Amino acid sequence: MRYVSTRGQVPARDFDSVLLAGLAEDGGLFVPEAWPSLSTAEWRALRGLPYPALAARLLGLFGAGHLPLDRICAEAYAGFGHPATVPLVQLDTRVFALELFHGPTLAFKDMALQLLGRMFDHVLAARGERVTIVGATSGDTGSAAIEACRDRAAIDIVILHPRGRTSEVQRRQMTTVMAPNVANIAVEGDFDACQDLVKAMFNDAPFRQEMRLSAVNSINWARIAAQIPYYAAAALALGAPDREVAVSVPTGNFGNVLAAWAARRMGLPISRLIVGSNRNDILTRFLAANDMSMRAVEPSLSPSMDIQVSSNFERLLFEMLGRDAAATREAMQRFRAEGRMPVPDAAWREATSLFRGFALDDEGTLAEIGRLHREAGYLADPHTAVGTAAARALAPEDPAIPVIVAATAHPAKFPDAVERATGLRPPLPARMADLYERQERYGVLPNDLAAIEAAVRAHALRNAA
Ligand SMILES: *Cc1c(COP(=O)(O)O)cnc(C)c1O
């Protein structure tokens, strides 16, 4: 299995190289040269596998088969707080919450990053190399990346977060990790500014090489690959490949829903993909009216979705444009220059035949959390609630088709919103109960590339010494 860039200006690469590189040198994102796919009989044969075994099996189809996947997957999910790894909880006659938040940081990013940290370790050790991981987070990616990389000998990690725009739990989960290879920077700016700084560091070729920069945010292909197995697990549990299912995903960077799309591309009968947004609704506007235009990011109760540029959308665009890299490159360049993405009508129509968009404001989110608690006795975090509301609004007409909602965060990560909506304050699990007493460590820097690069260099040099 080889990987190509959505912008078509780098040679095809293997899995390890894509894992370590993150973003392609031409600014594009890596995608498989051809999508693997399983027959109905092959999907049926995967039913009932323990989750780590299923993940190992599916990752093997993406060119990672030379890694000890069974061991890596078993170790990655061993510390999860539920024996099913990704339990499926029924909320009404047809809506199911796929709980992806039983990992060390209580959010779905652990699903991929616990695997990625171990894959990096393995590949780097074999090559005798070190890397510096830089990432931008609007909340959960950062803590999940830090948990995945902390104390690993061959990795330094620097995570940028928008100052004052993450929840206190999210910030503390990052800034209380005292491992010497971990650095946190609060940037005076919003999440998109942090993400732009990370992209700018990658586009600074000398710096990129000097630091051996690598990424674990959702532009890294291996993260998408690692998110496919849980959609397969849920679909198989609900009767696929012999029964159609739909999927609803509270969406930010479009990585999680793209993984569901990939599961469909691999042969699972997923007949609809529902994209949930908060008031930052660029994707909803795109799906409703082919209006992919940037607006200012506004804070909401679901901060991991406070995004106006969904980076992983580029992978879908590439597919919708018939894998035309030149057209993808041009569309992305115009998006950046003009703030509006020109998507040809045919490509937009293809997207809307499968995807539906739904946006919910904070008031609606609180009402949905309250309703889930009243009607199903279920405590949902604000992101998950956007997903369940989207599922109810846009479920396929056929009531026999179940809807799998990606439950992306534990309610205890967003206790204020849950308490406002239900009167109940969900407690942190015992292993995190002293989070508010732990000491924090982080720097604060302006939204300025030179200042950020200097801080990254200082951190990496100290640890390499
Ligand atoms: C990251 C995140 C999302 C958005 O996922 P994307 O892959 O960026 O679309 C949704 N909910 C939570 C809790 C998250 O941490």
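Whatever order the structure lists them in is the order used to number ligands and atoms, beginning at 1. Bear in mind the structure is a predicted one, so any value in this text is a computation, not a measurement.
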K.L.:
Could an N or O of ligand 1 be found under 3.5 Å from any N or O of Thr408, whether backbone or side chain?
P.N.:
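So ligand 1 has an N or O lying under 3.5 Å from an N or O of Thr408.
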K.L.:
Using a 4.0 Å cutoff against the non-hydrogen atoms of Ala409, which atoms of ligand 1 qualify?
P.N.:
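By the 4.0 Å cutoff, the relevant atoms are 13 (C).
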K.L.:
With sequence neighbours excluded, what pairs up with Phe335 under the ring-ring contact (aromatic ring centres under 6.0 Å, His included) test?
P.N.:
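Phe335: no ring-ring contact (aromatic ring centres under 6.0 Å, His included) contacts found.
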K.L.:
Under 4.0 Å between a Lys/Arg side-chain N and an Asp/Glu carboxylate O for Arg315 and Glu319?
P.N.:
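Judged by the 4.0 Å cut-off on N to carboxylate O distance, Arg315 and Glu319 do not form a salt bridge.
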K.L.:
Do Phe414 and His383 make the cut of ring centroids closer than 6.0 angstrom?
P.N.:
yes
K.L.:
Going by distance only, is there an N or O of Thr251 that falls short of 3.5 Å from an N or O of ligand 1?
P.N.:
no
K.L.:
Taking only heavy atoms of Pro250, which atoms of ligand 1 are found under 4.0 Å from at least one of them?
P.N.:
4 (C), 10 (C)
K.L.:
Lys109 to ligand 1: N or O pair under 3.5 Å?
P.N.:
yes
K.L.:
For residues 22-32, which side-chain donor-acceptor pairs fall under 3.5 Å, sequence neighbours excluded?
P.N.:
unit_1	atom_1	unit_2	atom_2	d
Glu25	OE1	Arg13	NH1	3.2
Asp26	OD1	Ser5	OG	2.8
Asp26	OD1	Gly28	N	2.9
Asp26	OD2	Ser5	OG	2.8
Asp26	OD2	Gly8	N	3.4
Asp26	OD2	Gln9	N	2.8

K.L.:
Is the contact between Phe108 and ligand 1 made by the side chain, the backbone, both, or neither, using heavy atoms and a 4.0 Å cut-off?
P.N.:
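Near ligand 1, Phe108 shows its side chain, while the N, CA, C and O stay back.
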K.L.:
Parallel, tilted or perpendicular: which one describes the rings of Tyr230 and Phe108, with boundaries at 30° and 60°?
P.N.:
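Ring orientation of Tyr230 relative to Phe108: perpendicular.
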K.L.:
Once you restrict to heavy atoms under 4.0 Å, what part of Lys413 touches ligand 1? Side chain, backbone, both or neither.
P.N.:
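Neither; nothing of Lys413 gets under 4.0 Å from ligand 1.
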K.L.:
Using distance alone, decide if ligand 1 has a nitrogen or oxygen within less than 3.5 Å of any nitrogen or oxygen in Gly255.
P.N.:
yes
K.L.:
Considering both backbone and side-chain atoms of Met305, is one of its nitrogen or oxygen atoms within less than 3.5 Å of a nitrogen or oxygen in ligand 1?
P.N.:
no
K.L.:
Could you label the plane-to-plane angle of the Trp221 and Phe62 rings as parallel, tilted or perpendicular, counting under 30° as parallel and over 60° as perpendicular?
P.N.:
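Judged by the thresholds at 30° and 60°, the geometry between Trp221 and Phe62 is tilted.
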K.L.:
Which ligand 1 atoms, with their elements, are less than 4.0 angstrom from a heavy-atom of Phe254?
P.N.:
6 (P), 8 (O), 9 (O)
K.L.:
Do Phe355 and Leu316 make a side-chain contact, defined as non-hydrogen atoms from C-beta onward lying under 4.5 Å apart?
P.N.:
yes
